[in-house]
Amino acid sequence: MKRKIKREFLNSVDLPLFVELGEGPRKYIWDIIDELNLSSVYIIAGRTSYEVAGRKIAERINEFITGTHFVKEGGMDEVKKLTVDLVYHDIDCVMGIGGGKVLDVAKVFSSELNVPFISVPTVASHDGIASPIASFKEDGKPVSVTAKPPTAVIADLIILKHSPIRLLKSGYGDLISNTVAVKDWHLSKEVTGEDYNEISASMAALPAKLMLDSAEKLDFRNLAHLEMLVRGLILSGVAISIAGSSRPASGSEHRFSHALDYLGYSNATHGEKVALGSIIMEYLHEKHYGNGDWERIRFSLERIQAPTTAKEVGLTKEQILEALMLAKKIRRKRYSILEDVNPDKEDFEVVLTKTGIV
Ligand SMILES: NC(=O)C1=CN([C@@H]2O[C@H](COP(=O)(O)OP(=O)(O)OC[C@H]3O[C@@H](n4cnc5c(N)ncnc54)[C@H](OP(=O)(O)O)[C@@H]3O)[C@@H](O)[C@H]2O)C=CC1
Ligand SMILES: O=C(CO)COP(=O)(O)O
Ligand SMILES: [Zn+2]
């Protein structure tokens, strides 16, 4: 199969210019503002994240702040309203301080204004902290929106250490899901000739492997371990920018999670859903190509006390099967183990039983 190599992206990849990750990195905010020659920073935050991190940042850079918005529902409607309200304001940077909902609004808003985006995550629940992707709901259905990646990421490990543990575990789930996403991507390269970027794939897969290798002793309240997780999520975001799509970090396991969202099933977090999907899809990769170790994924999730069964995420067997069948119909162009093996409902039932998900 002759492959079409995409070369144009080499000159046009947008990557974060500044990444500050450590204890109390907000001391660098001044320097970043100075380096970027900014004068009017617009803050987007959540009520909690503002108290946890935003207020102190605002005090530090008070003279540069031109306004603050507290995210309500999130989503494209809120971005559109902000854009209409503020398009003629003097804003030369948007700083998002918060969880995924806040960062997604800030990311897309900054893209609409075409100004730099500074990402200040207060939770590390998924790889959106440094990626060019926002994930919104429209009429209750998930939609992925592509924006510009952050110009700077300022991740304070002390704040993240005290964030809800369930969200840190979700970050772990999203990161290890890259293992499956990259296998799907590689499979597609082999079967369909899809363009594949080794650097992007490695940046996504290696931190995921490191996490899985460390699962035995992982403790997210330990700063060194937490740093490994956050670094991995940042690299995952950069891998997405390099690939020009979420391909390295979103494969069949994310399609399962999107299907659950379409159907409106489960209140599980993004990371919990993609982690469950990873067990299922890794099983298929292992069974059909001997490429994978689904038990290792399940073990690692058990080890960090994240859900590995339908019951733990409030799903029935029928709901999971329905989502798996729907996952096959979503994003069909993104060739994966689902297209390759084309499992039917009975096949999926076997997977669910063998993996102990139901
Ligand atoms: N871009 C992407 O690739 C992806 C984006 N998403 C999107 O991200 C969102 C989910 O993100 P997620 O981070 O899980 O959740 P949220 O952004 O909804 O945050 C969860 C809760 O944590 C609170 N919070 C934030 N920081 C802290 C802290 N340090 N300590 C205590 N509480 C805190 C928030 O409060 P408050 O808001 O009041 O500050 C909020 O109530 C969804 O909108 C989803 O669609 C999901 C997957 C991928
Ligand atoms: O969650 C993501 C990557 O981890 C974003 O991917 P999607 O493009 O599937 O929304
Ligand atoms: Zn994800």
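Hydrogens, waters and symmetry mates play no part in the numbers below; they use all other heavy atoms, side chains included.
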Participant: Could you tell me whether Lys317 and Glu349 make a salt bridge, using a distance below 4.0 angstrom between a side-chain N and a carboxylate O?
Facilitator: yes
Participant: Rounded to the nearest 0.5 Å, how far apart are NE2 of His162 and CG of Leu160?
Facilitator: 11.0 Å
Participant: Rounded to the nearest 0.5 Å, what separates atom OG1 in Thr122 from atom CD in Glu51?
Facilitator: 12.0 Å
Participant: How close do Thr83 and Val79 get, heavy atom to heavy atom, and via which atoms?
Facilitator: OG1-O, 2.6 Å
Participant: Using the ring of each side chain (for Trp, its six-membered ring), is His254 parallel, tilted or perpendicular to His258, with breaks at 30° and 60°?
Facilitator: perpendicular
Participant: Less than 6.0 Å separating the ring centroids of Phe18 and Tyr28?
Facilitator: no
Participant: Quick check for you: to the nearest 0.5 Å, what is the distance between Ser336 atom OG and Trp185 atom CH2?
Facilitator: 14.5 Å
Participant: Apply salt bridge (charged side-chain N to carboxylate O under 4.0 Å, His left out) to residues Arg296 and Glu286 and explain how you reach the verdict.
Facilitator: CA-CA 11 Å; Arg296 192 159 96 109; Glu286 186 176 356; over 6 Å; no
Participant: Taking all non-hydrogen atoms of both residues into account, name the closest pair between Ile234 and Ile129 and its distance.
Facilitator: CG1-CD1, 4.2 Å
Participant: Okay, side chain of Lys345, backbone of Leu324: is any donor-acceptor separation there less than 3.5 Å?
Facilitator: no
Participant: Between Lys148 and Ser111, which heavy-atom pair has the shortest distance, and what is it?
Facilitator: N-OG, 2.6 Å
Participant: Does a sphere of radius 6.0 Å around CD1 in Ile158 hold more than 12 heavy atoms from other residues, nucleotides or ligands, not counting ones at 6.0 Å or beyond?
Facilitator: yes
Participant: Could you go step by step and tell me if Lys217 and Asn222 meet the side-chain contact (heavy atoms from CB on, under 4.5 Å) rule?
Facilitator: CA-CA 10 Å; Lys217 54 176 188 330; Asn222 172 315; over 6 Å; no
Participant: Crowded around Lys329 NZ? As in, over 12 foreign heavy atoms under 6.0 Å?
Facilitator: no
Participant: Would you check if the side chain of Asp14 reaches a backbone N or O of Pro149 as a donor-acceptor pair within less than 3.5 Å?
Facilitator: no
Participant: Using modelled atom types and a 3.5 Å cut-off, is there a donor and acceptor pairing between side-chain atoms of Glu78 and backbone atoms of Glu73?
Facilitator: yes
Participant: Which residue in the set Leu157, Leu235, Leu168 passes side-chain contact (heavy atoms from CB on, under 4.5 Å) when paired with Val230?
Facilitator: Leu157
Participant: May I ask you to check whether Thr269 and Arg166 show a side-chain donor-acceptor distance below 3.5 Å?
Facilitator: no
Participant: Restricting to non-hydrogen atoms, name the atom on Leu175 and the atom on Leu229 that form the minimum distance, rounded to 0.1 Å.
Facilitator: CD2-O, 4.0 Å
Participant: Given Tyr172 and Leu301, is the side-chain contact (heavy atoms from CB on, under 4.5 Å) satisfied, shown in steps?
Facilitator: CA-CA 9 Å; Tyr172 177 88; Leu301 293 165; 4.0 Å; yes
Participant: Over all heavy atoms of both residues, which pair between Ser202 and Pro207 is shortest? Give the atoms and the distance, please.
Facilitator: O-CD, 3.8 Å
Participant: Judged by atom type as modelled, is there a donor-acceptor pair below 3.5 Å linking the side chain of Asp92 to the main-chain atoms of Ser40?
Facilitator: yes
Participant: Please confirm whether the backbone N or O of Asp184 pairs with a side-chain atom of Ser188, one donor and one acceptor, at under 3.5 Å?
Facilitator: no
Participant: Evaluate side-chain contact (heavy atoms from CB on, under 4.5 Å) for Leu212 paired with Asp293, printing each intermediate quantity in order.
Facilitator: CA-CA 11 Å; Leu212 286 168; Asp293 186 349; over 6 Å; no
Participant: Measuring from Asp213:CG to Ser300:OG, what's the distance to the nearest 0.5 Å?
Facilitator: 10.0 Å
Participant: Is there a donor-acceptor pair closer than 3.5 Å between any side-chain N or O of His285 and the backbone N or O of Asn291?
Facilitator: no
Participant: For residues Ser110 and Phe117, report the shortest heavy-atom separation together with the two atoms involved.
Facilitator: OG-CB, 3.1 Å
Participant: List the steps, then state whether side-chain contact (heavy atoms from CB on, under 4.5 Å) holds for Lys80 with Met76.
Facilitator: CA-CA 6 Å; Lys80 280 184 194 148; Met76 207 55 207; 4.2 Å; yes
Participant: Using a 3.5 Å distance criterion without hydrogens, assess whether the side chain of Lys183 forms a donor-acceptor pair with backbone atoms of Ile337.
Facilitator: no
Participant: So, Asn197 side chain and Ala243 main chain: donor-acceptor pair closer than 3.5 Å or not?
Facilitator: no
Participant: In this structure, are over 12 heavy atoms from other groups packed under 6.0 Å from Gln305 atom CD?
Facilitator: no
Participant: Quick check for you: to the nearest 0.5 Å, what is the distance between Ile118 atom CD1 and Ile33 atom CD1?
Facilitator: 5.5 Å
Participant: In this structure, would Leu167 and Ile304 fall into the same cluster of hydrophobic residues linked by side-chain contacts under 4.5 Å?
Facilitator: no
Participant: Would you call Lys328 and Asp344 a salt bridge, using N to O less than 4.0 angstrom?
Facilitator: no
Participant: Measure up the His186 and Tyr196 rings against each other and bin them: parallel (under 30°), tilted (30 to 60°), perpendicular (over 60°).
Facilitator: perpendicular
Participant: Enter the distance from Ile280:CD1 to Ser252:OG here, rounded to the nearest 0.5 Å.
Facilitator: 9.5 Å
Participant: Only one of His270, His126, Lys169 passes side-chain hydrogen bond (donor to acceptor under 3.5 Å, both in side chains) with Asp174; say which it is.
Facilitator: His270
Participant: Does Glu59 pair with Arg55 as a salt bridge, N-O distance under 4.0 Å?
Facilitator: no
Participant: Hydrogens and angles aside, do Ser250 and Arg331 bring a side-chain donor and acceptor to less than 3.5 Å of each other?
Facilitator: yes
Participant: Is it true that a side-chain atom of Ser49 and a backbone atom of Ile97 form a donor plus acceptor pair closer than 3.5 Å?
Facilitator: yes
Participant: Given 3.5 Å as the limit, does a donor-acceptor pair link the side chain of Lys273 with the main chain of Ser266, or not?
Facilitator: no
